[in-house]
Amino acid sequence: KIKLQQFLDQRLNFPHNEDVRYEAFAADVMVSFAITNADRSIPDQNLGKVQENEVVCWVPALEKVKRHGRWVSNRLVWFVPYIVVDNPWAMAAGREIFGLPKSIGKFQIPDDPRQANMFTSTPYGFKTYNPGAVLQELPFLSITRSGASGAETPAAFSSGKEALGA
């Protein structure tokens with residue numbers, strides 16, 4: 001939890017902002033991997049469809065505000081510092097239109113949810129910043145199911161309605 005707080009202090013808690021601060025809510029983060037099949041293209045639906053794979057890191061944080069000189073919990077928020085996608089359209093639109101922290105990368109996401117044993121995300125970046133640095137693939141995240149030996153996981157839900165009825 002201390003490392004997450006240091007991260008939030010670096011990214012969100014600035015000295016000039018004396019009325020709002022963010023505190024790590026837990027010692028854990030959430031990571032989601034998704035395959036998105038869009039039903040329309042950007043910006044014209046007559047052009048076709050756009051698919052993207054993405055990984056999103058979610059950090060739960062408690063927003064605190066200063067009231068009468070005391071810090072008071074205001075609300076629980078999700079801070080999203082990293083989104084890695086494999087589609088340049090999704091990256092450009094997410095960053096330029098919506099201001100999201102998207103970068104381009106490669107993924108390993110199982111096609112069959114019953115074989116969900118390993119997920120990886122490898123974005124492009126620089127190990128160090130200097131004039132001779134070369135853009136390269138940098139391992140970012142690798143998640144392996146414990147005991148993964150090719151065993152099948154339980155069947156996934158076929159729809160949101162089915163999942164809500166479980």
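For clarity, every value in this text was computed on a predicted model and none was experimentally measured. If you read the sequence from its start, that first residue is 1, and numbering goes on from there.
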Where is the tightest heavy-atom contact between [X] and [Y], given as atom of each residue plus distance?
X	Y	answer
Pro81	Pro101	O-CB, 3.5 Å
Leu138	Gly125	CD1-C, 3.5 Å
Ile104	Asp86	CD1-C, 4.4 Å

Assigning hydrophobic clusters by single linkage (Ile, Leu, Val, Met, Phe, Trp, Tyr; side-chain heavy-atom cutoff under 4.5 Å), is Leu76 placed with Val72? no
Roughly how far apart are Ile83 CD1 and Lys102 NZ, rounded to 0.5 Å? 5.5 Å
If you round to the nearest 0.5 Å, how far is CG of Asn87 from CD of Gln51? 9.0 Å
Under the criterion side-chain contact (heavy atoms from CB on, under 4.5 Å), I'd like the reasoning laid out for Glu137 against Tyr124: C-alpha separation, chi angles, the key distance, then a yes or no. CA-CA 4 Å; Glu137 294 177 17; Tyr124 293 93; 3.4 Å; yes
Find out whether Pro60 and Met30 are in side-chain contact, i.e. whether some heavy atom of one side chain is under 4.5 Å from a heavy atom of the other. no
Lys106 NZ: over 12 foreign heavy atoms closer than 6.0 Å: no
Atom CG of Asp111 with >12 non-hydrogen neighbours under 6.0 angstrom: no
Aromatic plane relationship, Tyr129 with Phe126 - under 30° parallel, 30 to 60° tilted, over 60° perpendicular: tilted
Qualifying residues under side chain to side chain donor-acceptor pair (under 3.5 Å), relative to Trp58, sequence neighbours excluded: Ser32
Hey, is the main chain of Ala24 close enough, under 3.5 Å, to the side chain of Gln5 for a donor-acceptor pair? yes
[X]: which other cluster members, linking ILVMFWY side chains closer than 4.5 Å, directly or transitively?
X	result
Val134	none
Ile2	none
Phe33	Leu4, Phe7, Leu8, Leu12, Val20, Tyr22, Val29, Val31, Ile35, Val55, Val59, Val65, Val77, Phe79, Tyr82, Val84, Phe107, Ile109, Phe119, Phe140, Leu141, Ile143

Taking side chain to side chain contact (heavy atoms under 4.5 Å, CB included) as the definition, give me every residue that meets it alongside Lys3, ordered by chain and number, with sequence neighbours left out. Gln6
What pairs of residues pass the salt bridge (charged side-chain N to carboxylate O under 4.0 Å, His left out) test when at least one of them lies in residues 15-32, not counting sequence neighbours? Asp9-Arg21, Arg21-Glu23, Glu23-Lys64
